[in-house]
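Here the structure comes first, spelled out in structure tokens, and everything after it is commentary.
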Amino acid sequence: MSVPLDRLEEAERARVRFAALLGSIALVSLLVAGIGIMNIMLATVTERTAKLVSVVSLGAKRRDIIMQSLSKRSCKQEAGAY
């Protein structure tokens, strides 16, 4: 059984087009995911900054803020461990 050369070439071109299509879809997906992650991080930092500003304006010292942050993180870590 033999396959004509033009059919083989057309199949190869179709494979290349399909790979390019999949690559472009993957690129767009990664771009959208990156933008989503960046947006969440920006919102988190903005929220945290607003909280820190309010705590500092109430007179908290740097040590108080660090201790509060560390205790909060350790509680979350302990809760996640179980």
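No hydrogens, no waters, no symmetry mates; every other heavy atom, side chains included, goes into these values.
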May I have the list of side-chain donor-acceptor pairs in residues 34-46 shorter than 3.5 Å, sequence neighbours left out?
| residue | atom | partner | partner atom | Å |
| --- | --- | --- | --- | --- |
| Thr44 | OG1 | Ile40 | O | 2.8 |
| Thr46 | OG1 | Leu42 | O | 2.7 |

Once salt bridge (Lys or Arg N to Asp or Glu O under 4.0 Å) is applied, what residue pairs with a partner in residues 50-73 remain, sequence neighbours excluded? Glu47-Lys51
Does atom CD of Glu10 have more than 12 heavy-atom neighbours, drawn from other residues, nucleotides or ligands, at distances under 6.0 Å? yes
Linked hydrophobic residues, Ile65 as query - side chain contacts closer than 4.5 Å: Leu52, Val55, Val56
How would you list, by chain and number, every residue that makes a salt bridge (Lys or Arg N to Asp or Glu O under 4.0 Å) with Arg7, sequence neighbours excluded? none
Taking side-chain hydrogen bond (donor to acceptor under 3.5 Å, both in side chains) as the definition, give me every residue that meets it alongside Glu9, ordered by chain and number, with sequence neighbours left out. none
Please tabulate, one pair per line, all N/O donor-acceptor pairs under 3.5 Å involving side-chain atoms of residues 20-32, not counting sequence neighbours.
| residue | atom | partner | partner atom | Å |
| --- | --- | --- | --- | --- |
| Ser24 | OG | Ala20 | O | 3.3 |
| Ser24 | OG | Leu21 | O | 2.8 |
| Ser29 | OG | Ile25 | O | 2.9 |

